[in-house]
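What follows is a short report on a single structure.
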There are 2 protein chains.
Amino acid sequence: MSATPTTAVTTSIGFTELVTLLKDIFSRHGASPEVARVLADNCARAERDGAHSHGVFRIPGYVSTLDSGWVNGQAVPVVEDVASGFVRVDAANGFAQPALAAARPLLVAKARSAGIAVLAIRNSHHFAALWPDVEPFAEEGLVALSVVNSMTCVVPHGADRPLFGTNPIAFAAPRADGPPIVFDLATSAIAHGDVQIAARQGERVPPGTGVDSLGQPTQDPKAILEGGALLPFGGHKGSALSMMVELLAAALTGGNFSFEFDWSNHPGAKTPWTGQLLIVIDPSKTAGQDFAQRSQELVRQMHAAGLRRLPGDRRHRTRANAEREGIRLDGDELARLRELARG
Amino acid sequence: MSATPTTAVTTSIGFTELVTLLKDIFSRHGASPEVARVLADNCARAERDGAHSHGVFRIPGYVSTLDSGWVNGQAVPVVEDVASGFVRVDAANGFAQPALAAARPLLVAKARSAGIAVLAIRNSHHFAALWPDVEPFAEEGLVALSVVNSMTCVVPHGADRPLFGTNPIAFAAPRADGPPIVFDLATSAIAHGDVQIAARQGERVPPGTGVDSLGQPTQDPKAILEGGALLPFGGHKGSALSMMVELLAAALTGGNFSFEFDWSNHPGAKTPWTGQLLIVIDPSKTAGQDFAQRSQELVRQMHAAGLRRLPGDRRHRTRANAEREGIRLDGDELARLRELARG
């Protein structure tokens, strides 16, 4: 795409080949075949779409947390059919994505029958981007909303100390003439993965992003990561939304709040042990014109108002490039991944 | 509460007396007894709780819009039972609150049975605060989320011209040892009613709130109201949430987007003719500990983190004062209300 010279040697890898490589890594580090399959697909999709903070960048953390025994890579989620619109899953101290995969057919059937359905996942670890969880629902014509809480690193607006997680909200809706409308936003001023990437690359984060260990504003990502904390986006409003995510993803699922788990006896543990909520709505129950035509009309008007880029547009362009030319990876990074798949 | 001297003469009025006065005003200006009852109660509750931008301040606008023939004060909402978790209401060009009142028993029954239910209101006018729509669900142990779109006055992040409404999101959840946790936030940087109040009082609005008719940043509320526009809160994130509100409140209900209605033939029309969505969840379907105990634990930890005021706390204190001492109103304002009830 760009003629900018880079010092690192970049290489490219096909999507299927990357999934296989990542599956081997997960399997090698204790995941069952099903868990390895789901996580590898999820992580490869993030990398393919240019969501680097949740792509292969996360693999060392996955390996470390699996090796620590903090998360059960062999967990078999237990799906509970609670009511005509309510599905619960006990992820059994495993990852959230296999729990979603296990409950997904029941959730979709309920949403199509009842018009709306909720999936409450508890006892789960979510270490990935949230948009891959909602986008597939929109691809089959459904509207989906999901929230997941994480680990204490955000100071509530007006408080002195961190309490909330980065607590993202993701939303997906179908539209008639293009890929679904999808967004995934941390309710913190910046995503935790982006702070880690800034620290690794020696860059500063924007003002208003976080505080240091003394509670003073800082733009140094290391000061945020080492005893500091993040701030919510948008002041008291982002803070209220983050609180809502704690209530929906933890209190309403039976999962842990972001401040409730203690991984101090598991050195290497990286994954928050919390809960996740998904709400899926069937827009074919809507009165009047087809939903996908209506959402397309909104997109048309957003462009007419001068908006050049919709949420998700960059991801879809990156995806299209990756499908033509393969997924570009740093040569050293690919070598490290191959190493992890062997040992 | 305060010994600050004021130039205006304030008086006080009991809640029931204020409801009766407002009911007379709505009836006198063409509302049916049921519509007058619902709107009077809604507006008096906002005033009682100190939500001044949605209290009696709104009455001249209600009167003007009713007198213009833009909204049907006699409308009888048509409730449609679509699926085990999906209720639709055609508000029949009336107000949204009577439509919610008409559908409420069915919505609650479905939420308790299915675990979750959605109410899609279309062809409706919403001119009030949103929290009064969700708070009563939490008072009966349910979790509620609502969104409503409004009228073009917010420039999407990255666009040149306004398109979205102020598009608020309101949320309510029960807790064990106190009133429900409730918030109601405009996805614009400031609520439209607060801009109107600032303009009336000759005050400036905070930086980052809006633009003038040339698209230049301004802190002058009059410049925002006269050809200017608001900005979303929190940059691209608030803008994404505002877009979601358009999709949920309009596309998913069968209502108008904020930019779709034309009231130019109705001088005096003030009320956006759009849609509203409510999602109600029954937390008794949750695994593990009682939801209200869990939300209480979150509140306890928020206080322990140094948070002195929760969302809704100020409203509840103002309400308690009003219940002891009556609702304080400016004497001239009360005289104007009495005038409107007569003529």
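Note on naming: letters A, B, ... go to the chains in the order of the sequence lines (proteins, then strands), and numbering restarts at 1 for each one.
Among A:Val82, A:Leu163, A:Asp90, A:Leu252, the residue with the largest count of heavy-atom pairs under 4.5 Å with chain B is A:Leu252. By number of non-hydrogen pairs under 4.5 angstrom with chain B, the leading residue of A:Ala304, A:Gly288, A:Pro283, A:Ala240 is A:Ala240. Counting heavy-atom pairs under 4.5 Å between each of A:Pro232, A:Ser239, A:Gly158 and chain B puts A:Gly158 at the top. Looking only at heavy-atom pairs under 4.5 Å with chain A, the residue among B:Ala189, B:Pro162, B:Ala305, B:Gly306 that has the most is B:Ala305. Across A:Ala159, A:Gly115, A:Gly234, A:Gly254, the residue that shares the most heavy-atom pairs under 4.5 angstrom with chain B is A:Ala159. Chosen from A:Glu246, A:Arg161, A:Lys110, the residue pairing most often with chain B at heavy-atom distances under 4.5 Å is A:Arg161. Contact tally against chain A (heavy-atom pairs below 4.5 Å) for B:Lys237, B:Gln289, B:His303, B:Arg308: the top residue is B:Lys237. When each of A:Ala250, A:Gly208, A:Gly85, A:Gly255 is checked for heavy-atom pairs under 4.5 Å with chain B, A:Gly85 comes out on top. Note on B:Arg309, B:Arg122, B:Met243, B:Gln293: by heavy-atom pairs under 4.5 Å with chain A, the leading option is B:Met243.
Proximity to chain A (any heavy atom under 4.5 Å) is shown, for B:Ile116, by both the backbone and the side chain. Heavy atoms of A:Asp282 lying under 4.5 Å from chain B belong exclusively to its backbone. Only the backbone of A:Thr253 comes within less than 4.5 Å of a heavy atom of chain B; no side-chain atom from C-beta onward does. Proximity to chain B is absent for every atom of A:Ala111, based on heavy atoms less than 4.5 angstrom apart. Proximity to chain B is limited to the side chain of A:Pro311, based on heavy atoms less than 4.5 angstrom apart. Residue A:Glu260 touches chain B through its side chain alone, counting heavy-atom pairs closer than 4.5 Å. Neither the backbone nor the side chain of A:Leu310 comes within less than 4.5 Å of any heavy atom of chain B. Of the two parts of A:Ala173, only the side chain, counted from C-beta on, holds a non-hydrogen atom closer than 4.5 Å to a non-hydrogen atom of chain B. Interface remark: A:Leu298 contributes backbone and side-chain atoms alike to the contact with chain B (heavy atom separation under 4.5 Å). For A:Ala186, the parts lying near chain B are the backbone and the side chain together; criterion is any non-hydrogen pair under 4.5 Å.
With values rounded to the nearest 0.5 angstrom, A:Gln301 atom CD is found 9.0 Å from B:Phe257 atom CZ. With rounding to the nearest 0.5 Å, the separation of CG in A:Leu185 from CE in B:Met244 is 8.5 Å.
Residue B:Ala83 comes nearest to A:Ala114 through the heavy atom pair CB-O, 3.3 Å, listed as atom of the first residue, atom of the second, then distance. Across all their heavy atoms, B:Leu307 and A:Pro156 have their closest contact at CD1-CB, 4.3 Å.
Under a cutoff of 6.0 Å and an axis angle of 45°, A:Lys285 and B:Phe86 do not form a cation-pi pair.
The side-chain heavy atoms of A:Ile279 and B:Ile281, taken from C-beta on, include a pair separated by under 4.5 Å. The closest side-chain heavy-atom distance from B:Leu241 to A:Leu241 is below 4.5 Å. No side-chain heavy atom of A:Leu247 sits less than 4.5 Å from a side-chain heavy atom of B:Val143. Side-chain atoms of B:Phe233 and A:His236, non-hydrogen and from C-beta on, never get closer than 4.5 Å to each other.
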